[in-house]
Amino acid sequence: MTLFETFKKGLVKTRDFITAGIYKMAAGLGVFDDDMLDELEMMLIQADCGLMASKEAIEAIREHIRLTGDASRASVLTSLNRSLSAMITEKRLTANEGMLTIYLMVGVNGTGKTTTAAKLAQRAKSRGLLVMMAAADTFRAAAIEQLKVWGERTQTAVIAHQTGADPAAVVFDAIQAAHARKTELLIIDTAGRLHTKKNLMDELGKIRRVIDREAPEALLETILVIDATTGQNAIIQARAFHEATQVSALAITKLDGSAKGGVAIAVARETGLPLCLAGLGEGADDLQDFDCMLFLEALLPPA
Ligand SMILES: Nc1nc2c(ncn2[C@@H]2O[C@H](COP(=O)(O)OP(=O)(O)OP(=O)(O)O)[C@@H](O)[C@H]2O)c(=O)[nH]1
Ligand SMILES: [Mg+2]
């Protein structure tokens with residue numbers, strides 16, 4: 001499967017939703033009138049692209065039609081693609097041989113942090129990097145075991161303490177181990193936490209300080225994992241996590257299970273944070289670098 005096909009397959013629900021709507025709207029006339037553009041705006045909102053993004057995109061389409069006089073479906077789709085694309089940025093995660101990179105996975109409960117950590121480990125290993133994972137979710141009873149199972153499946157070493165231990169202490173140990181073993185990529189899995197719980201958010205700050213102190217030389221990526229089925233609350237989550245730990249990139253998971261993949265656009269636009277990963281399934285291989293162009297091509301029907 002090509003990368004585009006992977007995105008297309010993963011985004012099939014959102015794409016079908018948008019495509020069906022657009023074809024229905026422009027079926028009779030082949031061109032868009034004012035009412036149809038209003039409808040298109042509603043549809044983008046329903047696909048969770050966000051109120052602001054949807055409004056702005058439709059405004060840009062109206063302006064484009066005013067300037068060119070072209071209200072054909074092709075013109076509308078091209079203009080829609082262009083304005084959505086201007087709202088999002090992407091970031092390629094890197095990990096370099098011979099130096100330490102740390103991925104700190106954060107997010108609310110059940111978004112896919114642990115799965116994404118494992119997928120990243122698998123990918124980095126297949127590229128020949130020395131990888132280690134740290135089980136800094138000491139809160140949920142089965143979390144350590146879950147990461148260990150992924151460790152075995154991906155043949156990745158896992159540093160863990162007991163349930164209930166201080167997650168910052170796990171991170172401290174993992175960094176010492178990473179230095180000792182010349183690890184090139186250390187992936188830290190943390191507990192899911194509600195962005196509204198101050199003490200839990202403070203705990204992330206503490207982990208962050210341990211990393212800064214113990215591995216100042218490392219390249220750190222703090223990856224906020226967002227579940228595409230969450231809806232617009234994702235924007236509030238992203239702001240709160242960014243405030244607590246300076247998120248550097250967004251991973252959007254479960255795009256495959258949702259007709260609301262537009263949330264990637266809403267969160268990226270509202271926070272200005274770049275998108276780095278797309279989770280398109282539950283398997284260890286179902287992870288792609290977020291590619292804005294492919295994402296939009298897979299999301300929208302062809303012009
Ligand atoms: N369909 C689909 N399911 C996913 C994806 N990513 C994760 N999941 C599933 O989502 C569920 C939760 O995933 P976890 O990785 O355990 O989530 P978590 O964020 O670590 O959860 P907590 O540690 O409890 O906060 C699991 O059943 C995963 O298989 C994805 O991209 N697509
Ligand atoms: Mg987890």
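Order of listing sets the numbers, starting from 1, for every ligand and every atom in it.
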> Is there at least one pair of N or O atoms, one from Gly279 and one from ligand 1, spaced under 3.5 Å apart?
Replying inline: yes

> For atom 7 (C) of ligand 1, which of Ile252, Thr115, Asn109 has the closest heavy atom?
Replying inline: Thr115

>> Quick test of your reading of the model: are Lys206 and Asp202 salt-bridged, counting only N-O distances below 4.0 Å?
In response: no

> Of Gly110, Gly281, Ser258, which has the heavy atom at the shortest distance from atom 30 (C) of ligand 1?
Replying inline: Gly281

>> Same cluster or not: Leu250 versus Leu104, using hydrophobic residues (I, L, V, M, F, W, Y) connected whenever any side-chain heavy atoms lie under 4.5 Å apart?
In response: yes

> So which protein heavy atom does atom 17 (O) of ligand 1 come closest to, and at what separation?
Replying inline: Gly112 N, 3.0 Å

> Considering only the protein, which heavy-atom contact is closest to atom 16 (O) of ligand 1, and what is its distance?
Replying inline: Gln146 NE2, 3.0 Å

> Do any nitrogen or oxygen atoms of Thr114 lie less than 3.5 angstrom from nitrogen or oxygen atoms of ligand 1?
Replying inline: yes

> Between the side chains of Asp227 and Thr253, does any donor sit under 3.5 Å from an acceptor?
Replying inline: no

>> Using 2.8 Å as the threshold, say whether any N, O or S atom from Gln146 sits that close to the Mg ion (ligand 2).
In response: no

>> I need the contact type for Asp256 against ligand 1. Using non-hydrogen atoms and a strict under-4.0 Å cut-off, is it side chain, backbone, both or neither?
In response: side chain

>> Just to be sure I'm reading this right: ignoring hydrogens, which of Lys119, Lys113, Lys254 gets closest to atom 11 (C) of ligand 1? Compare them by their nearest heavy atoms.
In response: Lys254

> If you group Ile, Leu, Val, Met, Phe, Trp and Tyr by side-chain heavy-atom gaps below 4.5 Å, do Leu280 and Val225 land in one group?
Replying inline: no

>> Suppose I only count heavy atoms of Gly192 and a 4.0 Å limit; which atoms of ligand 1 are within that range?
In response: 25 (O)

>> Please work out, at 4.0 Å between heavy atoms, whether the side chain, the backbone, both, or neither of Asp137 comes within that distance of ligand 1.
In response: side chain

> Does Arg213 make a cation-pi contact with Phe172, if we ask for NZ or CZ under 6.0 Å from the ring centre and within 45° of the axis?
Replying inline: no

> Atom CD in Gln122, atom CZ in Arg153: separation rounded to 0.5 Å?
Replying inline: 10.0 Å

>> Using the rule given for salt bridge (charged side-chain N to carboxylate O under 4.0 Å, His left out), can you reason through Glu282 versus Lys254, listing the C-alpha separation, both sets of side-chain angles and the distance that settles it, and then say yes or no?
In response: CA-CA 8 Å; Glu282 289 187 277; Lys254 307 187 198 181; over 6 Å; no

> Purely on distance, is any nitrogen or oxygen of Asp189 under 3.5 Å from one on ligand 1?
Replying inline: no

> What do you reckon, does Glu282 have a nitrogen or oxygen under 3.5 Å from a nitrogen or oxygen of ligand 1?
Replying inline: yes

> Can you find a side-chain donor-acceptor pair between Glu203 and Asn199 that sits under 3.5 Å?
Replying inline: no

>> Using a 4.0 Å cutoff against the non-hydrogen atoms of Leu280, which atoms of ligand 1 qualify?
In response: 31 (O)

> Do you reckon Ile223 sits in the same ILVMFWY cluster as Ile188, going by side-chain contacts under 4.5 Å, direct or chained?
Replying inline: no

> atom 24 (O) of ligand 1: which protein heavy atom is closest, and how many Å away?
Replying inline: Arg140 NE, 3.1 Å

>> Restricting to non-hydrogen atoms, name the atom on Thr14 and the atom on Ser258 that form the minimum distance, rounded to 0.1 Å.
In response: OG1-O, 3.0 Å

